[in-house]
Amino acid sequence: MLNDVKVIICGKEYKVKTSESPNYVFSLARALESKINSMSSGSGSSPYTASIMVALSLLDDLNKANQRLDNIRTQTKEYVDEAGKNRIEKDAAQKEIEVLKSKIVQLENMVKLRQLKDSI
């Protein structure tokens, strides 16, 4: 369900249709207005220019976050691939252990048989 939310940023009202809660949208609007005001007061630029600078800064943050996310996804895929290879190796080693245990039992039985033959 979409919510109709009215926010005021730098004295101008905006209507937003969103699936997010109104409180969340209000908090975003306050944060945006705060960034615009700090950008315009520090440089003496207009709210429009400050808005463009804030948008560029936020896009930069978003791009960097997406790059970090891609790196995490790549690392995770590598870890999953490595874990899969390790599991295959573990399964092969366990099979080999079972084969060797079986051979040990056979050899022990052969030794017992020889000992019995020698004692007879």
Exercise. Can any side-chain N or O of T49 pair as donor or acceptor with the backbone N or O of S45 at less than 3.5 Å?
Worked result: no
Problem set entry | All side-chain contact (heavy atoms from CB on, under 4.5 Å) counterparts of L56, not counting sequence neighbours | I52, M53
Exercise. Got more than 12 heavy atoms from elsewhere within 6.0 Å of CZ, F26?
Worked result: yes
Under 3.5 Å, sequence neighbours excluded: what are the donor-acceptor pairs made by side chains of residues 2-19?
residue	atom	partner	partner atom	Å
N3	ND2	E20	O	2.8
D4	OD1	K17	NZ	3.0
T18	OG1	E20	N	3.0

Any side-chain heavy-atom pair of [X] and [Y] under 4.5 Å:
X    : Y    : value
E78  : T74  : yes
I88  : K85  : no
L28  : L32  : no
K90  : Q94  : yes
L62  : L58  : no
K101 : V105 : no
V111 : E108 : no
R73  : T76  : no

Problem set entry | Partner of V99 by side chain to side chain contact (heavy atoms under 4.5 Å, CB included), out of E96, K95, K103 | K103
In Å, rounded to the nearest 0.5 Å, how long is the span from [atom1] of [X] to [atom2] of [Y]?
X    : Y    : atom1 : atom2 : answer
S119 : R114 : OG    : CZ    : 14.0 Å
M39  : S57  : CE    : OG    : 5.5 Å
I36  : S46  : CD1   : OG    : 10.5 Å

